Amino acid sequence: MAYDPSAIEPRWQRYWDEHGTFRTPDSSDRPKYYVLDMFPYPSGQGLHVGHPEGYTATDILARYKRMRGFNVLHPMGWDAFGLPAENYAVRTGTHPAITTRRNIETFKRQLKMFGFSYDWEREIATTHPEYYRWTQWIFTLLYRQGLAYEAEVPVNWCPELGTVLANEEVTDGKSEIGGHPVIRKPMKQWMLRITAYAERLLADLEGLDWPESIKDLQRNWIGRSEGAEVDFPVVGSGRKLRIFTTRPDTMFGATYMVISPEHPWVDELATAGARQSVAAYRAESAAKSDRDRQTAKEKTGVFTGTYCRNPANGQRIPIWVADYVMMGYGTGAIMAVPGQDERDWEFAEVHGLPIVRTVQPPTDFTGKAYVGDGPAINSGFLDGLGVAEAKERMTAWVEAQGVGERKINYKLRDWLFSRQRYWGEPFPLLKLADGTVRVLEPDELPLMLPQVDTYKPAGTGEGPLATIADWIHTTDPVTGQTASRESNTMPQWAGSCWYYLRFVDPRNRQRAWDPDRERYWLPVDLYLGGTEHAVLHLLYARFWHKVLYDLGLVSTNEPFQCLRNQGMILGENGEKMSKSRGNVVNPDDVIADHGADALRMFLMFLGPLDRDKPWNPRGIEGLHRFLDRVWRLFCDEGETLSARVQDVAPDDASLRALHRCIADVTERTEKLNFNTAISAMMILVNELTQRDARPRAVLEPCVLLLAPYAPHLAEELWRLLGHGESLAYAPWPRSDERYLVQATVTYVVQINGKVRERLEAPADAGEDEVRALALASERVQKWLEGKQVRKTVFVPGKLVGLVVG
RNA sequence: GCCGGGAUGGCGAAACUGGUAGACGCAGGGGACUUAAAAUCCCCCGCUACGUCGUAGCGUGCCGGUUCGACUCCGGCUCCCGGCACCA
């Protein structure tokens, strides 16, 4: 009987389903382990081999942890709201719910073919009303906490398409679809006040077991900077222009001011003579996209005709308008210090403004603006102080004078939470006739998505929901007022912000989750996904989680204790897999040819989990061959076990190989070093293949080691060995120290650092003994001829080094 | 420009805290079995030179340093990938 995955695999998949093998109890004496994949968006393309890489990794860990005695929560669901289904609906008129259901079926069928040990009874979809009901509920919590508000903010408006686009849909100022121009247009939008949590989102990264690079991405995104806000009195008016600076120490060098073209005081500050040029400049920069502004070669700007007084030295300095200052950061106004700021220097050069150095550059400094450390100069009471000290002194002075205060700023902006879309969660609120907003009570949820005739945008910048008058306009049953609903829907991020919580209690109809279950399962012990979600998803989910924590609704401060990234599986040509590149590999085909077990193992064998790796069509054959070899260890021609598999005492060499393998596979699986765990198994199988005797005491642990990696084959072999039950909960083999220690070891002899000889020595030999052996070697003596040994280096079990001269 | 990550045979890769570079696999070569092929099993496989086993030299992107000894540590570069980008 030959190894036939196409027969074995569906049989075991059916077995697991029928026996509920992976159904997870919600309480248990066992320690818990929550291992979670970033759930997928079920696209119409189906899976390519890249998707299951991470899922295989988590599945190996889930299966391994079960065998180690953990109660494992390993669920899967669907992040199913989103644009592709909606765009498809616009083209074809098919309701996104239908497309979504169809895509989910395909994804699920494909995932099942891999034999992943998900508890499918916990499957959820963000688009299901019983799910988004609670997404809406969380929004009402945010609203009541004052963390959701409406504001006029610029959005990506595409006149040609008659719609607003998400940032992802805009490249180089053109729409992704059709390449039409996109402009910024202010519209009323719901915002979430994530900035209120900036400090905690930053500080709490410290305690997380995440890749340092991901933490860095989040730190940079949050962009904390310390400095001061200072008021500069406007000459000839009672007003004070407030600026933010991280370099208060350089204030004596502030030779002019700049305000952003969007600054509310632009009109007012422009004198009669300057009014026209200022207005023209403002119109000009409004027409520029963000991108144009950034790529401009030369810094532009115009003088307002008005002056400020520098509080540090009382000097009168001009106020300019320039678009290198952004309204969205700080106060939208700066003090320009060309001596210590490259941008200000550049601007000062172009517009002939004075430059004063207030930090002494080193003597060999040849550049323009000097941003490094050095003693303060031309700075009155700060002269001679280093940058840090001068900052501190100046900030204290500013506060003492009452002209400003210490201030911390963040790059992080509030989260634009509205989408002009159909296929998303409707906002659970009513805008009442009296101008107030009433968020819906839990028993009024879910606010269902209504049926629409067309999925096309309204053309006014509003989403398709705006066109359904009888849904938009309603009467509030509570207050009796006429009311209107929000025509925007929530972004796709919303549903993925809390799905890990719903998995602990996915069928609860009374509440979003049961507190006891949450306390039992949270936090997630291993969260695995791609780096593309390094910032947005992970930051948004952490934000919601902290709000829930503050409300006492979750018991942990952070949702994901341990995070790891999987790399990408690239096409054969080393490029990203995509339909347009024609290098997509379909797992259905690979499984048909080689089986799911071979594919799982190959995906893991390709290289380290977190690296990008190109697909190699020949490589899969190697893993198929390996599993074939495993099979032949157990079975030859017959329908049953080979006669060579016997209850005999194993020989020493087999036991050594086995225990070495147990130790290696265990350690490497724990560390997620799956590629080297697999090579450890290959070494064992190669060793056993060469032997005639197949002692059961060696083969059984061997099957268990393989089980997390190639579960179908392992189950089948386990059955052939006479076991009546699945091995999913069989105890993981333990390695025995006795078989790991060697009687003799190979020593290398280095002479002046170069390997000149290898020799066997007893494992417990001491330095003198090994050195004597080395010196006795003919080859070593040849290298020592006419020289003296000046020093000996001894590394137990490894090497003797002789330094001669 | 700034912040990450990477570079090791023909290819994917391994090497725990400085101590045998290339485990394991792919591709390639040779042999056994076979009428033959496939499959399987065994052996070889970094480069160069002399060459029979072998011996020596070189070799982990580049240049330099520390060390008896460096893929590993330090300084300076090059190229590739990802992220951010006039954030004051």
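Nothing here was measured: the structure is a model prediction, and the numbers come from that model. Throughout, protein chains are lettered first and strands after them, A, B, ... in sequence-line order, and every chain is numbered starting at 1.
One can place NZ of A:K391 at 12 Å from C1' of B:A88, the figure rounded to the nearest angstrom. Rounded to an integer number of Å, the gap from CD of A:E262 to P of B:C86 is 13 Å. The nearest whole Å value for the distance from the NZ atom in A:K798 to the C1' atom in B:G69 is 14 Å. Nucleotide B:A7 holds its C1' atom 14 Å from the CG atom of A:D612, rounded to whole Å. Taking atom OH on A:Y256 and atom C1' on B:A88, their separation rounds to 11 Å, with Å as the unit. Rounding to whole angstrom units, NZ of residue A:K576 and C1' of B:C80 are separated by 16 Å. A:R758 places its CZ atom 13 Å from the C1' atom of B:G19, with the value rounded to the nearest Å. To the nearest angstrom, P of B:U67 lies 17 Å from NZ of A:K754.
For the P atom pair drawn from B:G10 and B:G46, the interatomic distance equals 10 Å after rounding to whole Å. As rounded to the nearest Å, B:C80 and B:C44 have C1' atoms that lie 35 Å from one another. Taking atom P on both B:A7 and B:C73, the two are 12 Å apart, rounded to the nearest angstrom.
Nucleic acid contact class of A:N409 (heavy atoms, under 4.0 Å, all strands): none. Among the protein residues, A:R224 comes within range of no part of the nucleic acid, since none of its heavy atoms lies under 4.0 Å from any strand. Residue-level contact check: A:G223 touches neither bases nor backbone, having no heavy atom under 4.0 Å from any strand. The residue A:I683 sits close only to the backbone: its heavy atoms come under 4.0 Å of sugar-phosphate atoms, none of a base. Across all strands shown, A:R632 has heavy atoms under 4.0 Å from sugar-phosphate atoms exclusively, and none from any base. Within the nucleic acid shown, A:S225 comes within 4.0 Å of sugar-phosphate atoms alone, with no base atom in reach, counting heavy atoms only. The residue A:V795 sits close to a base: some heavy atom pair falls under 4.0 Å. Using a 4.0 Å heavy-atom criterion, one finds that A:L606 contacts the sugar-phosphate atoms exclusively.
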(request) Determine, for nucleotides 42-49 of chain B in 5'-to-3' order, which nucleotides have protein heavy atoms under 4.0 Å from the base (write B), from only the sugar-phosphate (write S), or from neither (write -). (result) S-------
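Of the two residues near RNA chain B, A:V803 and A:G332, the one whose nearest nucleotide lies more 5' is A:V803. Heavy-atom distances to RNA chain B give each of A:R618 and A:K613 a nearest nucleotide, and the one nearer the 5′ end belongs to A:K613.
Both the sub-6.0 Å distance and the 45° axial angle are not jointly satisfied by A:R542 relative to the ring of A:W221.
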(message) Between A:Y370 and A:W345, is the ring-ring contact (aromatic ring centres under 6.0 Å, His included) condition met? List the steps.
(response) CA-CA 10 Å; A:Y370 175 67; A:W345 182 293; over 10 Å; no
(request) Give the intermediate values and the outcome of salt bridge (charged side-chain N to carboxylate O under 4.0 Å, His left out) for residues A:R224 and A:E199. (result) CA-CA 8 Å; A:R224 180 185 202 270; A:E199 192 58 47; 3.1 Å; yes
(request) List the steps, then state whether side chain to side chain contact (heavy atoms under 4.5 Å, CB included) holds for A:V230 with A:F232. (result) CA-CA 6 Å; A:V230 184; A:F232 280 58; 3.8 Å; yes
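Side chain of A:N616, nearest nucleotide from B:U55, B:C26, B:A23: B:C26. The side chain of A:V325 lies closest to B:A88 when the candidates are B:A27, B:A88, B:C3. Between B:A88, B:U40, B:A15, one nucleotide has an atom nearer to the side chain of A:R625 than all others, and that is B:U40. Nearest to the side chain of A:N675, among B:A56, B:G25, B:A14, sits B:A14. Closest to the side chain of A:D216, from the set B:G19, B:G4, B:A21, is B:G4. Listed nucleotides B:C86, B:U20, B:C26 differ in distance to A:T746; the shortest reach to its side chain belongs to B:U20. Among the nucleotides B:G19, B:C26, B:C86, the one closest to any side-chain atom of A:Q750 is B:G19. When distances are taken from the side chain of A:W783 to each of B:A14, B:C86, B:G57, the shortest belongs to B:G57. The A:L217 side chain lies nearest to B:G83 when the options are B:A13, B:G83, B:G19. Checked against B:G6, B:C84, B:G25, the side chain of A:R611 finds its nearest nucleotide in B:G6.
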Got a list of side-chain donor-acceptor pairs under 3.5 Å for residues 671-683 of chain A, not counting sequence neighbours?
from: A:K671; atom 1: NZ; to: A:E667; atom 2: OE2; distance (Å): 3.1
from: A:T676; atom 1: OG1; to: A:N673; atom 2: O; distance (Å): 3.1
from: A:S679; atom 1: OG; to: A:T676; atom 2: O; distance (Å): 3.0

Scan the side chains in residues 787-805 of chain A for donor-acceptor partners under 3.5 Å anywhere in the protein, sequence neighbours excluded, and list what turns up.
none

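Salt-bridge formation is detected for the pair A:R564/A:D209: a Lys NZ or Arg NE/NH1/NH2 atom is positioned less than 4.0 Å from an Asp or Glu carboxylate oxygen.
At a non-hydrogen distance threshold of 4.0 Å, nothing from residues 660-674 of chain A comes into contact with RNA chain B.
In this structure, B:G9 shows a glycosidic angle within 90 degrees of zero, which is the syn conformation.
By the neighbour-count criterion of 12 heavy atoms within 6.0 Å, atom CD of A:E621 is densely surrounded, having more than that number from other residues, nucleotides or ligands. Taking a 6.0 Å sphere around NZ of A:K215, one finds it holds more than 12 heavy atoms contributed by other residues, nucleotides or ligands.
A centroid separation of less than 6.0 Å is found between the aromatic rings of A:Y256 and A:F347.
A:D414 and A:T195 share a donor-acceptor pair across their side chains, judged by distance under 3.5 Å alone. Using modelled atom types, one finds a donor on one side chain and an acceptor on the other under 3.5 Å when comparing A:S777 with A:E757. Looking at A:T246 and A:E226, their side chains never bring a donor and an acceptor atom within 3.5 Å of each other.
Note on residues 597-608 of chain A: pairs passing salt bridge (Lys or Arg N to Asp or Glu O under 4.0 Å), not counting sequence neighbours, are A:D59-A:R600.
In this structure, A:K411 does not reach the B:G83 phosphate: none of its side-chain N or O atoms is under 4.0 Å from OP1 or OP2.
Looking at heavy atoms from C-beta onward, A:P211 lies in side-chain contact with A:N565 at the 4.5 angstrom threshold.
Helical stems involving RNA chain B, defined as 3 or more consecutive Watson-Crick or G-U pairs under 3.5 Å, span B:1-7 with B:78-84, B:10-12 with B:24-26, B:28-32 with B:40-44, B:46-50 with B:54-58, B:61-65 with B:73-77.
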